[in-house]
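Notes for the one structure printed next.
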Amino acid sequence: MSSVIVGLKRKQIAQLIAKGKRLDGRGLTDYREIKVEQGIIERAEGSARVLLGKTEVLAGTKIEVGKPFPDTPNEGVLTVNAELVPLASPNFEPGPPNENSIELARVVDRGIRESKTIDFKKLCIKPGKKVFVVFVDVYVLNHDGNLIDASALAALAALLNTKMSNYEIEEDEVKIKPGYTPLTLTKHPIAVTFAKINDKLVVDPWLEEEQTMDTRLTITVDDEGNICAMQKGGTGYFTPKQVLEAAKIAGEKAGEIRKKLNW
Amino acid sequence: MSRKPEKLIDKKGLRLDGRKPDELRPIKIEVGVLPNTDGSAYIQQGKNKILAGVYGPRELHPKHLALPDRTVLRCRYRMAPFSVQERKSPAPSRRDIELSKVIREALEPSVFLEYYPRTGIDIHIEVLQADGGTRCASITAASLALADAGIPMQDLVTACAAGKVDNTIVLDLMDTEDKEGGADVPVALMPNLNAITLLQMDGILSLEEFEKAANLALEGCRKIYPMQKEALKAKYVSVKEVEE
């Protein structure tokens with residue numbers, strides 16, 4: 001539908017970026033406005049809605065008892081899933097997860113997992129037999145570009161909002177007790193995505209920039225400024241210099257977002 | 001299951017398999033190994049054993065996927081059920097689907113897609129045995145298979161990983177180092193263009209450590225590149241003796 005218009009806008013977007021400007025008036029390393037709202041789905045253990053400009057993502061967490069992985073018998077399990085809901089874009093089609101939603105889920109998962117923000121050992125009930133499984137389901141409600149950053153923020157906000165029911169173990173069975181304990185998170189990994197357009201890097205690409213870009217790079221940074229996940233996407237390439245430049249900017253941007261959200 | 005070793009790097013600074021931190025595993029590459037394919041390659045990197053085959057450019061099915069201005073590159077990365085310690089289900093995992101995507105995106109910048117409009121090129125990668133760093137070895141082999149199929153390319157794509165184990169930045173991680181180590185940075189490079197076409201990372205690295213690891217991985221790519229070219233040439237220069 002809008003792809004014809006985008007085709008016409010492509011040149012304009014690329015030319016403006018060469019001059020250090022963007023079509024929506026932002027600077028090359030500026031984010032769109034970020035809004036985070038937590039605890040909006042009462043039935044979920046934790047939930048959050050994130051607005052990144054017009055991109056809207058809802059994430060909810062559920063905690064269930066399940067089996068650990070054989071190679072980590074005394075650790076809980078994290079499962080991240082992403083749904084590109086058909087109502088979010090005319091280009092999203094119903095059906096099983098495709099490579100884009102799988103990549104999105106796995107990049108979000110990697111950021112949370114590798115930052116070691118969740119102490120999985122605390123989620124063990126009986127080693128090798130029973131552990132808590134934390135499900136994070138990311139629902140994209142409106143696609144206006146940069147789903148990765150919005151989804152990573154929503155997933156983190158939902159986890160920060162997650163409350164676990166108190167429980168005790170009676171004859172190897174988990175018995176729910178009244179009251180809740182919040183899930184503790186030690187870090188706040190923030191994903192920062194760059195698009196390469198006209199050989200320049202821009203932060204937080206919106207949809208039309210994504211349709212113009214050569215390639216994409218996501219860098220997830222923890223509270224200490226360490227990099228904990230990376231993913232290049234798209235069919236273009238980066239020079240080694242651009243990668244290092246992006247890594248530096250990502251650290252600064254992640255810090256700004258964390259400060260703004262008081263995390 | 002193998003037990004977790006106490007130390008991944010010994011007092012002499014050597015790794016579990018006796019390598020120095022900046023040393024690659026032994027690599028053996030063969031081009032043109034599958035007669036039915038248009039191009040193929042086999043790579044052994046440490047215990048990794050990977051086959052890559054290319055069909056195309058050929059008519060694309062289903063036809064509605066064809067593009068009027070260029071060929072459609074498709075990539076399928078799969079691991080054999082017997083390739084890992086615990087049997088892997090032959091159904092594609094989420095990891096297989098993600099890797100198929102990133103491998104395709106790593107190879108695509110090298111191919112002149114616009115030369116073959118309305119067609120498709122299929123790359124099939126079968127990991128017969130996995131030993132860490134399969135995505136990188138797959139890219140190295142798949143790029144050769146594309147070249148073997150006679151598809152015009154800007155450059156070969158070479159891939160290699162670097163990472164952190166026991167606080168040391170090391171090159172070309174093997175399975176145990178990948179699982180127990182601190183970080184893994186797989187990189188793919190078109191060496192002549194100095195263009196990075198695949199970059200991923202998991203684990204925790206400071207900015208300085210990342211820079212060091214990325215540079216080491218790029219160095220690894222530049223070491224594999226001549227082996228790749230040699231393997232490609234070897235297919236054509238080998239003279240077969242014919243009995244009279």
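Protein chains get the first letters and strands the later ones, always in sequence-line order, with residue 1 at the start of each.
Within the model, atoms CD of A/Glu103 and CG of B/Leu99 stand 10.5 Å from one another, a figure rounded to the nearest 0.5 Å. Between B/Gln85 atom CD and A/Asp71 atom CG the span is 11.0 Å, to the nearest 0.5 Å. Here CG of B/Leu107 is found 12.0 Å from OG1 of A/Thr235. Values are rounded to the nearest 0.5 Å. Rounded to the nearest 0.5 Å, atoms CZ (B/Arg94) and OG1 (A/Thr79) are 8.0 Å apart. Separating the CD atom in B/Glu98 from the CG atom in A/Asp109 is a distance of 9.5 Å, to the nearest 0.5 Å.
Within a 6.0 Å sphere centred on NZ of A/Lys129, heavy atoms belonging to other residues, nucleotides or ligands number 12 at most. Counting heavy atoms of neighbouring residues, nucleotides and ligands inside a 6.0 Å radius, atom OH of A/Tyr237 does not exceed 12 of them. Counting heavy-atom neighbours within 6.0 Å of B/Tyr225 OH, excluding the residue itself, gives a total above 12. Within 6.0 Å of NZ in B/Lys212 there are 12 or fewer heavy atoms belonging to other residues, nucleotides or ligands. Around atom CD of B/Glu114, more than 12 heavy atoms belonging to other residues, nucleotides or ligands sit under 6.0 Å away.
Scanning residues 200-211 of chain B against chain A with a 4.5 Å heavy-atom cutoff picks out B/Gln200, B/Met201, B/Asp202, B/Gly203, B/Ile204, B/Leu205, B/Ser206, B/Leu207, B/Phe210, B/Glu211, ordered by number.
If you measure heavy-atom distances from A/Ser115 to chain B, the contacts under 4.5 Å come from the backbone alone. Neither the backbone nor the side chain of A/Ile219 comes within less than 4.5 Å of any heavy atom of chain B. Both the backbone and the side chain of A/Ile227 come within contact range of chain B, with heavy atoms under 4.5 Å apart. Contact of B/Arg95 with chain A is made through backbone and side chain together, with heavy-atom distances under 4.5 Å. With a threshold of 4.5 angstrom between heavy atoms, B/Ala195 approaches chain A through its backbone and through its side chain.
Counting heavy-atom pairs under 4.5 Å between each of A/Thr218, A/Asn226, A/Val243 and chain B puts A/Asn226 at the top. The most heavy-atom pairs under 4.5 Å with chain B, out of A/Ala229, A/Ala105, A/Gly234, come from A/Gly234. The residue among B/Val102, B/Val187, B/Thr197, B/Leu73 with the most heavy atom pairs within less than 4.5 Å of chain A is B/Thr197.
Nearest heavy-atom pair across A/Gly236 and B/Pro109 is O-CG, 3.5 Å. B/Ile196 and A/Thr239 get closest at one heavy-atom pair: CD1-C, 4.2 Å.
Ion pairing of B/Lys101 with A/Glu99 is absent here, as no side-chain N (NZ or NE/NH1/NH2) approaches a carboxylate O to less than 4.0 Å.
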